[in-house]
Amino acid sequence: MEVQYTEKIKKYFIDKRKLEIIIGKDMAVKTKAIINFLLLSENFYEYCYVLRYGKPHHLSGGCFAICINQNYRLIIEPQINNLDSNHLKECTCIIIKEVADYHGGKINRIIP
């Protein structure tokens with residue numbers, strides 16, 4: 001699967017050191033592992049329903065969240081119009097949008 005980034009966050013994900021500075025070494029290692037699993041997946045369905053690394057779950061607004069740790073999530077947007085399982089099998093590209101904690105009714109973004 002192809003993994004893309006929004007322009008605001010791309011610099012953090014192409015430079016391991018910048019990512020570690022912003023989110024810490026432990027979260028950076030887990031985030032890179034998630035990205036590697038995404039890259040190795042044939043499509044987004046396989047990642048969500050077969051591999052399930054990081055407990056991917058659907059959010060309102062067409063995005064998905066993948067757990068980095070207890071609080072923070074990697075927020076991604078599949079590049080398809082319909083999010084049912086048949087269409088997720090056709091999704092071979094996602095965009096990583098942010099790293100955030102959205103619990104408690106407040107969004108705490110650490111990237112961007």
Parallel, tilted or perpendicular: ring planes of His58 versus Phe64, cut at 30 and 60 degrees: perpendicular

Would you indicate whether Glu42, at its atom CD, is surrounded by more than 12 heavy atoms from other residues, nucleotides or ligands within a distance under 6.0 Å? no

Tell me, please, which residues at least two apart from His57 pass side-chain hydrogen bond (donor to acceptor under 3.5 Å, both in side chains). Tyr102

Only one of Thr92, Leu38, Leu83 passes side chain to side chain contact (heavy atoms under 4.5 Å, CB included) with Phe44; say which it is. Leu38

Nearest 0.5 Å, please: how far is CD in Glu98 from SG in Cys63? 8.0 Å

Smallest heavy-atom separation, Ala65 atom then Leu59 atom, equals CB-CD1, 3.8 Å

Enumerate the residue pairs fulfilling side-chain hydrogen bond (donor to acceptor under 3.5 Å, both in side chains) with a member in residues 16-27, sequence neighbours excluded, ordered by first and then second residue. Arg17-Glu20

Locate the shortest heavy-atom distance separating Tyr53 from Ile66; write the atom from each residue and the value. O-CG2, 3.6 Å

Heavy atoms, side chains only, cut-off 4.5 Å: are Gln70 and His103 in contact? no

To the nearest 0.5 angstrom, please state how far the CD1 atom of Ile68 sits from the CZ atom of Arg73. 8.5 Å

Suppose we screen for side-chain hydrogen bond (donor to acceptor under 3.5 Å, both in side chains). Which residues come up paired with Lys30, at least two apart in sequence or across chains? none

Between atom CD of Glu2 and atom SG of Cys91, what is the distance when rounded to the nearest 0.5 Å? 10.0 Å

Considering the options Ile23, Ile21, Ile22, which one meets the side chain to side chain contact (heavy atoms under 4.5 Å, CB included) requirement together with Leu19? Ile23

Give a yes or no on whether Ile110 and Ile95 share a hydrophobic cluster (residues Ile, Leu, Val, Met, Phe, Trp, Tyr; joining criterion: side-chain heavy atoms under 4.5 Å apart). no

Single-linkage hydrophobic cluster Ile34~Ile96, side-chain heavy atoms < 4.5 angstrom: yes

Ser41 and Leu51, any side-chain heavy atoms less than 4.5 Å apart: yes

Which distance, rounded to the nearest 0.5 Å, do you find between the OG1 of Thr6 and the CD1 of Ile76? 13.0 Å

Donor-acceptor contact present, side-chain Gln79 to main-chain Glu77, <3.5 Å: yes

In the structure I gave you, are the side-chain heavy atoms of Leu88 and Asn43 within less than 4.5 Å of one another anywhere? no

Which distance, rounded to the nearest 0.5 Å, do you find between the CE of Met1 and the CD1 of Ile94? 5.5 Å

In terms of hydrophobic clustering (I, L, V, M, F, W, Y; side-chain heavy atoms under 4.5 Å; direct or indirect links), are Leu74 and Leu39 co-clustered? yes

Should we say atom CG of Asp84 is surrounded by more than 12 heavy atoms from elsewhere, each under 6.0 Å from it? yes

Counting only N and O atoms by type, is there a donor-acceptor contact under 3.5 Å from the side chain of Lys32 to the main-chain atoms of Phe13? yes

Tell me, do His87 and Asn81 make a side-chain contact under 4.5 Å, heavy atoms counted? no

For the atom pair OH (Tyr5) and CD1 (Ile111), what is the distance rounded to the nearest 0.5 Å? 10.5 Å

